[in-house]
Novice: 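Please find one structure pasted underneath; my questions will follow.
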Amino acid sequence: MRSDRGDKRTFADRARREQIVGCAIELIAEVGYPQASLAKIAERAEIAKSALLYHFTSKDEIVAAVVESVFTASASVMIPAVSTATTARDQLAAYISANGTFLESNRAGAVALYEISTSYRTAAGLRWDQAVAESVDEHGVPPEFALLDPHTIIQRGIRSGEFTTAVDAALVKDALRAALDGAVSNLARDATYPVGRYVAGVGELFLHALGAPQ
């Protein structure tokens, strides 16, 4: 999922790539991943398909750039929120709340990522999550992204005694991610969906279920 091109582009090239990625995000969010062809992305960017292929050699490379763009935007919101919390309870609350903050301000990006995650296949037939796992195995995860792993936060809360309910941290993490992804699937159907209220409810539900102090 990671591009192998070196970063030797001019400022104009980087600006054009950012424009193409932004158009790809908008288009994928609107029509879905399968329908967002290279030709349609080029048309949205108001450039020739040949010009698009100068910057991106394939649709897979555009997908990689879209994923990187959305992840970077989410990290810029979530890492500061989680890193300033000191207890596991507050970190988990910040993680959940920051998800809502990101979704509210980056609806198109979140929906585009959701569309990719449910429809994408590599040339080798890998699903999006499998391709991501393969990339992580090859390249590792930046240390700052470890802050965005709810599994680690939940485990720490169990060890410290902040979370008093006897639970399997991995199962709770999976359930939490599924609940937060539910906000995005609702956004994909309804652009006016009240994400903030939904995510706040998810936070209250999971903190209560974990026996976290109020």
Side-chain angles (χ1 to χ4, degrees), residues 1 33 67 70-75 77-104 106-107 109-122 125-189 193-214:
M1 293 297 294
Y33 169 75
V67 171
V70 177
F71 274 170
T72 299
S74 67
V77 173
M78 296 177 66
I79 289 176
V82 176
S83 63
T84 56
T86 56
T87 66
R89 187 264 176 213
D90 288 348
Q91 281 192 334
L92 189 61
Y95 171 83
I96 296 170
S97 176
N99 263 275
T101 300
F102 168 72
L103 293 177
E104 287 277 25
N106 295 270
R107 295 190 174 213
V111 172
L113 196 59
Y114 170 78
E115 294 288 347
I116 291 169
S117 70
T118 56
S119 305
Y120 175 82
R121 291 274 181 169
T122 67
L126 295 179
R127 298 190 311 271
W128 179 78
D129 57 332
Q130 293 172 316
V132 170
E134 186 179 79
S135 179
V136 168
D137 289 342
E138 181 180 353
H139 301 287
V141 178
E144 62 270 20
F145 278 85
L147 287 170
L148 304 183
D149 180 9
H151 186 207
T152 301
I153 298 171
I154 294 166
Q155 283 183 315
R156 188 162 73 86
I158 293 171
R159 287 196 302 267
S160 69
E162 290 179 65
F163 301 151
T164 59
T165 306
V167 294
D168 182 319
L171 292 179
V172 175
K173 179 266 295 184
D174 288 343
L176 175 58
R177 281 305 330 161
L180 292 171
D181 288 345
V184 189
S185 65
N186 284 322
L187 265 183
R189 291 189 294 270
Y193 186 76
V195 171
R197 190 166 75 242
Y198 175 93
V199 173
V202 168
E204 292 175 5
L205 177 64
F206 274 84
L207 291 171
H208 178 73
L210 287 166
Q214 299 301 310

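Both backbone and side-chain heavy atoms feed into the values below; hydrogens, waters and symmetry mates do not.
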Novice: Can you tell me how far apart CG (Leu113) and OG (Ser74) are? Round to the nearest 0.5 Å.
Specialist: 8.0 Å
Novice: Rounded at 0.5 Å granularity, tell me how far OH in Tyr120 sits from CG in Leu126.
Specialist: 8.0 Å
Novice: Of the non-hydrogen atoms in Leu103 and Ala110, which two are nearest, and what is the gap between them?
Specialist: CD2-CB, 3.3 Å
Novice: Return the CE to OG distance between Met78 and Ser97, rounded to the nearest 0.5 Å.
Specialist: 9.5 Å
Novice: When rounded to the nearest 0.5 angstrom, what is the spacing between CD1 in Ile158 and CG in Asp168?
Specialist: 8.0 Å
Novice: So, do Tyr114 and Val70 sit near enough that their side-chain heavy atoms are less than 4.5 Å apart?
Specialist: no
Novice: Measure from the side-chain N and O atoms of Gln155 to the backbone N and O of Ala169, and report whether any donor-acceptor pair falls under 3.5 Å.
Specialist: no
Novice: Answer yes or no: is there a donor N or O on one side and an acceptor on the other, between the side chain of Gln91 and the main chain of Ile153, under 3.5 Å?
Specialist: no
Novice: So which atom in Ala94 and which in Ala81 form the shortest heavy-atom distance, rounded to 0.1 Å?
Specialist: CB-O, 3.6 Å
Novice: Mark yes or no for whether Tyr198, through its side chain, and Ala179, through its backbone, hold a donor-acceptor pair below 3.5 Å.
Specialist: yes
Novice: Is it true that atom CZ of Arg121 has more than 12 heavy atoms of other residues, nucleotides or ligands lying nearer than 6.0 Å?
Specialist: yes
Novice: Quick one: does any side-chain atom of Asp90 pair with a main-chain N or O of Thr86 as donor and acceptor, under 3.5 Å?
Specialist: no
Novice: Check whether any side-chain heavy atom of Leu92 sits under 4.5 Å from a side-chain heavy atom of Leu210, and report yes or no.
Specialist: yes
Novice: Give a yes or no on whether the backbone of Ile116 and the side-chain of Ser119 come within a donor-acceptor separation of less than 3.5 Å.
Specialist: no
Novice: Looking only at heavy atoms, what is the nearest atom pair of Pro150 and Arg177, with distance?
Specialist: CG-CD, 4.4 Å
Novice: If you round to the nearest 0.5 Å, how far is CG of Leu180 from CZ of Phe102?
Specialist: 12.0 Å
Novice: Please report the shortest heavy-atom distance between Val167 and Val172, naming the atom on each side.
Specialist: CB-CG2, 3.8 Å
Novice: Taking all non-hydrogen atoms of both residues, which atom of Thr87 and which atom of Arg156 are closest, and how far apart?
Specialist: C-NH2, 3.6 Å
Novice: Return the CZ to CD1 distance between Arg89 and Ile154, rounded to the nearest 0.5 Å.
Specialist: 13.5 Å
Novice: Search all heavy atoms of Gly100 against all heavy atoms of Val195 and return the closest pair with its distance.
Specialist: O-CG1, 4.1 Å
